Amino acid sequence: MLKKSKKNYSKINVWDYLENYHKNKKIILDIVDKVFKSGNLILSKEVQSFENNFSKFTGNSFGIGVNSGTDALQIALMSIGIKRGDEIITVSNTAVPTVSAIISCNAIPIFVDINENDFLINADLIEEKVNKKTKAIIPVNLYGQSANYEKIIKISKKYNLKIIEDCAQSTGALYKGSPSGSFGNLSAFSFYPTKNLGGFGDGGMIVTKNVKLYEKCKKLRKYGMSKLYYSEIHGINSRLDEIQAAILNYKLSKLKSCIIRRRYIAEIYRQNIKNKDLILPSENVDNYHAYYVYVVRHPKREKIMKYLQNNKIFCNISYPFPIHSMKAYKNLNRKKNNLKTTNKVSKEIFSLPMYPELSMEKLDKIINTINKF
Ligand SMILES: Cc1ncc(COP(=O)(O)O)c(C=O)c1O
């Protein structure tokens, strides 16, 4: 049992990169200094080294560093030739970029409902959405847990569909013992500062085992060029900075222990939260959950979040609005969508503070406060 908290804490954020920065300040600033002095700032040695290390880490052969997770998704879609009118199966319970990347390719997102227990794509509902226009599936490994790839891969083979894993939230997770990002034809990662592997700015990467897709993604991130000032295909500008790559390379070496710490915090929550109305996250048997966020569910979400906030504990909701409910994407809200579970859970889910540097004292305070609600 945790003891009653006596200390008076300042606010507890849902995530906090500053604690990590203060811990590693000297190392980070030395890395930045080294890059500045190198004379190379974009797509050079540090990026290549990080592409090698990260692609290996995810069980792939090639990595293409880009400007963000959003760009990683868009370039992955472009590389498999997605064009106007193609349909891409995904979920509405996700971050906007999963869907905006599809729309940037003039393709149509087709939403499948989610499972009630893990909030991930319900693989049993995918097949009924497949038709002649369907070209790919983007399973989103949301909150740090992989989707059901055993079923998804079977469907993709049956209908000759490509899989692009959205791994923005699942860096460091495993599915049946293999790394998240090792199941798709291509997989897209984000290094946004809050992520399990977060930089000090934007960043992303596409990983793949396929050399042709690798070559194509490399061109696509740089105006469609492989030789200077000559575009072979239409591409975009999406490059990873040397500073980000160098810092991420260092942070990658610490990632496994950071995930262990996240899992430890999740276990402390699981063992000590005693609020019968608060549903804690479930970890599927095939999964090693990387706990990017710790998503709980409560029928009186607004009330409990307000109460926690009054006690200086700040939570977050990922996500309060399913994509199909937003003004920008209203046209995707087709009646046949039937997203009952997505709609229902979006009104009840919220995330408790979760980051590796979260101290036992802060955890203690969060748990004791929740237990008094
Ligand atoms: C599920 C998901 N997909 C894609 C992205 C896009 O990543 P980025 O913010 O690096 O563009 C994010 C980031 O928020 C995400 O959570």
Side-chain angles (χ1 to χ4, degrees), residues 14-15 17 50 54 58 63-78 88-105 107 109 111-112 114 118-121 136-147 163-173 180-181 183-184 186-207 217 220-221 236-241 244-245 247-248 251 262 289-295 316-324 326 328-329 342 345-346 349-351 354-355:
V14 71
W15 65 275
Y17 90 91
F50 180 53
F54 191 72
T58 62
I64 305 99
V66 294
N67 189 254
S68 67
T70 313
D71 283 359
L73 285 165
Q74 185 185 335
I75 291 173
L77 286 162
M78 289 168 83
I88 313 293
I89 291 175
T90 190
V91 284
S92 184
N93 178 41
T94 184
V96 165
T98 311
V99 171
S100 66
I102 296 171
I103 291 172
S104 296
C105 293
F111 297 129
V112 169
I114 55 173
D118 58 17
F119 316 129
L120 301 170
I121 190 164
I137 308 170
I138 302 187
V140 184
N141 304 323
L142 207 64
Y143 308 146
Q145 184 160 226
S146 287
I163 298 175
I164 297 173
E165 281 187 68
D166 183 338
C167 299
Q169 300 193 4
S170 63
T171 309
S180 179
F183 300 95
L186 301 125
S187 299
F189 287 84
S190 164
F191 307 122
Y192 184 77
T194 61
K195 298 293 194 248
N196 284 0
L197 181 60
F200 286 80
D202 271 317
M205 195 179 290
I206 307 144
V207 291
C217 288
L220 286 166
R221 81 168 160 191
I236 61 174
N237 166 21
S238 182
R239 303 176 293 217
L240 185 62
D241 291 339
Q244 298 305 336
I247 294 171
L248 289 164
K251 285 185 131 191
R262 284 176 182 274
H289 200 314
Y291 288 103
Y292 165 56
V293 276
Y294 192 85
V295 176
N316 183 30
I317 306 174
S318 312
Y319 295 94
F321 310 110
I323 308 292
H324 68 274
M326 296 182 198
Y329 303 111
T342 303
V345 305
S346 70
I349 50 177
F350 69 103
S351 317
M354 168 61 84
Y355 54 92

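Counting starts at 1 for both ligands and their atoms, following the listed order. Computed over heavy atoms, backbone and side chain alike; hydrogens, waters and symmetry mates excluded. Fair warning: this is a prediction, and the values are worked out from it, not measured in the lab.
- Taking the ring-ring contact (aromatic ring centres under 6.0 Å, His included) definition, one finds that F200 meets it with Y17, Y21, sequence neighbours left out.
- Put simply, CD1 on I138 and CD1 on I163 are 11.5 Å apart, with the number rounded to the nearest 0.5 Å.
- Only the side chain of V140 comes within 4.0 Å of ligand 1, counting heavy atoms alone; its backbone N, CA, C and O stay farther away.
- By the criterion of a heavy-atom distance under 4.0 Å, the side chain of D166, and not its backbone, is placed next to ligand 1.
- Side chains of D71 and S238: a donor on one and an acceptor on the other come within 3.5 Å.
- Inclusion of T70 in the set of residues having an N or O under 3.5 Å from an N or O of ligand 1 is warranted.
- Ligand 1 is approached by Y319 to a heavy-atom distance shorter than 4.0 Å.
- Atom 14 (O) of ligand 1 has its nearest heavy-atom neighbour, among K195, Q169, M205, in K195.
- Taken to the nearest 0.5 Å, the OH atom of Y192 stands 10.5 Å off from the OG1 atom of T70.
- By heavy-atom distance, the residue among S68, G69, P97, A101 lying nearest atom 5 (C) of ligand 1 is P97.
- The distance from the CZ atom of F119 to the OG atom of S346 is 10.5 Å, given to the nearest 0.5 Å.
- Scanning the protein heavy atoms around atom 9 (O) of ligand 1, the nearest turns out to be S190 OG, 4.0 Å.
- Polar contact check, Y192 against ligand 1: no nitrogen or oxygen pair lies under 3.5 Å apart.
- S92 and Y329 share no donor-acceptor pair across their side chains, judged by distance under 3.5 Å alone.
- Protein heavy atom nearest atom 12 (C) of ligand 1, with residue, atom name and distance: A168 CB, 3.6 Å.
- Atoms of ligand 1 found under 4.0 Å from any heavy atom of T94, numbered from 1 in the order shown, are 1 (C).
- The six-membered or imidazole ring of Y355 lies away from that of Y291, with a centre-to-centre distance of 6.0 Å or more.
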